[in-house]
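Here's the structure, in structure tokens; my notes come after.
Every chain is numbered from 1, with letters handed out A, B, ... down the list of sequences. Model, not experiment: these values are computed from the prediction.
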Amino acid sequence: LQLDFWLAPRGLGHPVDIRVPFPSLQPLKAHLEANGVSYSIMIEDVQALVDDEQLEMLRSRRGMPLSTDTFNYASYHSLDEIYAFMDLLVAENPNLVSKIEIGRSTENRPLYVLKFSKGGTNRPAVWIDTGIHSREWVTQASGVWFAKKIVLDHEKDEGLASILDKMDIFLEIVTNPDGFAFTQTKNRMWRKTRSKNSGSICVGVDPNRNWDAGFGGSGASGNPCSETYRGPYANSEPEVKSIVDFVKNHGNIKAFVSIHSYSQLLLYPFGYTSTPAPDEKELHELSEKAVAALSSLYGTKYKYGSIITTIYKASGGTIDWTYEQGIKYSFTFELRDTGRYGFLLPAKQIIPTAEETWLALKVIMLHALDNLY
Amino acid sequence: DIEGVGRKYHLELVLEDVLDRDSTVNCTAEVLYHLGNRTIAPDVQFTLEGELKNTDEADNIFYSRIKSLEKELVAEDIPDSQGNVPPEMEPIHLLAWVASGYVIWQNSTENTKFQLAQIKHVKQVKRSDEYLEFDYLVLLHEMVSQEIIPWQMRVLWHPQHGVQVTRDSRQPKLLLE
């Protein structure tokens, strides 16, 4: 019968544990019943447990976390690790978080957005994206942290709870996955997408010059070899087009925040023109509050203002387009630092950066909640 | 604006010690960007209101360490992708920063903003005299164009004689991919 005794017979009155191969199950049961020996099933399927254990061992050897509680937020992760994190987060919080595929990148990588919602239908929403410029690694890392933060705090933090009572949050963590993969394998300083440009050996379009706001004007380059190449036409990049389609189809986004690094700035429209945005006064005051909240944590100094007056003229930018779509609270962050490490921000600064930025984001979201339009 | 000459900026700034954030020195400066001729570095005059920290001890420790190496120092990617700088490479990093400051000054206009992004490669150059010499390939990040520009520089250093960039040249971008 090939019975495998896990607890061998010791004497009368003592239990015996036996692992039974499948073919021997019926004969053994019949034998025990015929002799009046009572038995109970401790483990239905040993193989299933062995399989699970193998999986666990494989994962921990590869360093893959088994839950978002064991995930290392203080280090930079690969695209696969971040996508796995998203699935874990959804699996752990199915009533709050869902994952939406809004499109595919040039190299056919899925573009995922996490939706945080307590219910309702097409509620007014906040959009946050990180990693649109792939070399700005602290942004994707912060996006991962924000996702976990929302899950942790959605009931115990009054502000966040009140936001989620009326609004949904959409978070796109890796907005430019092709670029991100390239920074991990070939060139850490890669900024753009990875689309081929016809008639040029140079690759990629600047996704923050490809939007239909002042497209074609100065503040972007027409040269495919440039880091600020606008692309052949507005929305030529699927990474950009997917967001455009999502925003238009949703129709109810009230705040839009696009996150970059570095420089420590909080910016609002416009970048393509020096004409002040109609809501400039409100946006400026809101920026002041958000920056004060950010600084309150670690003293990190931020400057704020419109794109064109604070950094430079830039055409075809994300938040110029979203603002002209009617999304009043359109902001861009430039996170830490101011140049000492630049794009190569040490991993130990990820969490402090994410923590302070989150305070500013909450100020913006709460203001949107209190001023729904 | 100075008619026929260029544009002069008067600056009041605070210098902060990178290694000791609480240590600051006030500074006033005048920067003159020359009209038309883009290949001349801006004129810089400055006055420090206070003293810079004395770094003799750290300088001598670093100097002795490099002098006593059996083989010439070679290193790459400082900081690495995750922002790490091994402690023994920190002086090499700081030296690159100072040297690239000179290169940046020489190549700045009113429409540029350079930062040292990374040391791609550094190789010590053997010398028979008391100086230390390093051949650096650095990446400079230019903020306005967002370009990453590889730049080669030869750097001479001595604890008592300071830093000198003896030659430098912009490299083609294709070097990176």
Side-chain angles (χ1 to χ4, degrees), chain A residues 72 74-78 133 135-138 141 182-192 194 201-204 206 208-209 219-221 223 225-229 260-263 265 298-301 311-314 334 336-350 353, chain B residues 13-22 24 75-87 89-90 93-94 96-98 100-101 104 108-121 137-151 171-177:
Chain A
N72 187 358
S75 80
Y76 292 110
H77 291 272
S78 68
H133 284 143
R135 62 189 181 198
E136 299 166 6
W137 278 18
V138 71
F182 200 72
T183 61
Q184 311 231 313
T185 54
K186 287 270 168 27
N187 182 352
R188 175 63 179 81
M189 297 292 176
W190 190 259
R191 164 186 170 92
K192 303 188 285 182
R194 291 293 302 165
I201 49 162
C202 294
V203 175
D206 184 345
N208 199 21
R209 299 291 187 281
S221 172
N223 181 350
C225 299
S226 165
E227 294 281 28
T228 55
Y229 176 50
H260 292 253
S261 77
Y262 60 92
S263 283
L265 305 168
Y298 297 109
T300 306
K301 296 198 183 80
I311 23 170
Y312 42 51
K313 186 171 187 188
E334 291 277 357
R336 291 192 192 182
D337 58 15
T338 53
R340 168 140 193 223
Y341 289 97
F343 300 122
L344 308 178
L345 197 70
K348 64 178 189 279
Q349 289 198 46
I350 295 172
T353 302
Chain B
L13 44 145
V14 180
L15 302 182
E16 184 185 89
D17 187 341
V18 159
L19 302 176
D20 175 12
R21 298 288 215 82
D22 296 324
T24 61
E76 298 191 322
D77 288 348
I78 298 168
D80 67 15
S81 281
Q82 344 271 326
N84 296 322
V85 177
M89 286 299 154
E90 189 56 33
H93 185 209
L94 294 171
W97 218 358
V98 174
S100 60
I104 289 169
S108 287
T109 71
E110 284 168 280
N111 299 309
T112 59
K113 185 173 175 181
F114 287 97
Q115 297 281 0
L116 172 66
Q118 190 182 38
I119 300 167
K120 233 16 216 162
H121 189 78
L137 176 67
V138 296
L139 298 180
L140 298 181
H141 174 219
E142 201 289 294
M143 286 280 207
V144 179
S145 62
Q146 289 295 337
E147 295 295 333
I148 301 287
I149 307 167
W151 213 288
Q171 300 297 305
K173 199 169 150 186
L174 294 170
L175 216 72
L176 289 177
E177 233 173 287

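Rounded to the nearest 0.5 angstrom, Met189(A) CE and Ile149(B) CD1 are separated by 12.5 Å. Between atom NZ of residue Lys173(B) and atom OG of residue Ser226(A) there is a gap of 6.5 Å, rounded to the nearest 0.5 Å. In this structure, CG in Asn84(B) is found 9.0 Å from OH in Tyr341(A), a value given to the nearest 0.5 Å. Atoms CG and CG, from Leu344(A) and Leu116(B) in turn, are 9.5 Å apart once rounded to the nearest 0.5 Å. Taken to the nearest 0.5 Å, the OH atom of Tyr262(A) stands 4.5 Å off from the CD atom of Gln115(B).
For a residue to count as touching a neighbouring chain, one of its non-hydrogen atoms must lie under 4.5 Å from one of that chain's; by this rule Thr338(A) touches chain B with the backbone only. Neither the backbone nor the side chain of Asp77(B) has a heavy atom closer than 4.5 Å to any heavy atom of chain A. Arg340(A) touches chain B through backbone and side chain together, each having a heavy atom under 4.5 Å away. With a 4.5 Å cut-off on non-hydrogen atoms, Ser81(B) touches chain A through its backbone and its side chain both. With a 4.5 Å cut-off on non-hydrogen atoms, Cys202(A) does not touch chain B at all.
The only option from Lys192(A), His133(A), Glu227(A), Arg135(A) that meets the side chain to side chain donor-acceptor pair (under 3.5 Å) definition with Gln146(B) turns out to be Arg135(A).
Listed here is the closest heavy atom pair of Pro346(A) and Gly83(B): CG-O, 3.6 Å. The shortest heavy-atom contact between Gln82(B) and Tyr76(A) is OE1-CB, 3.6 Å.
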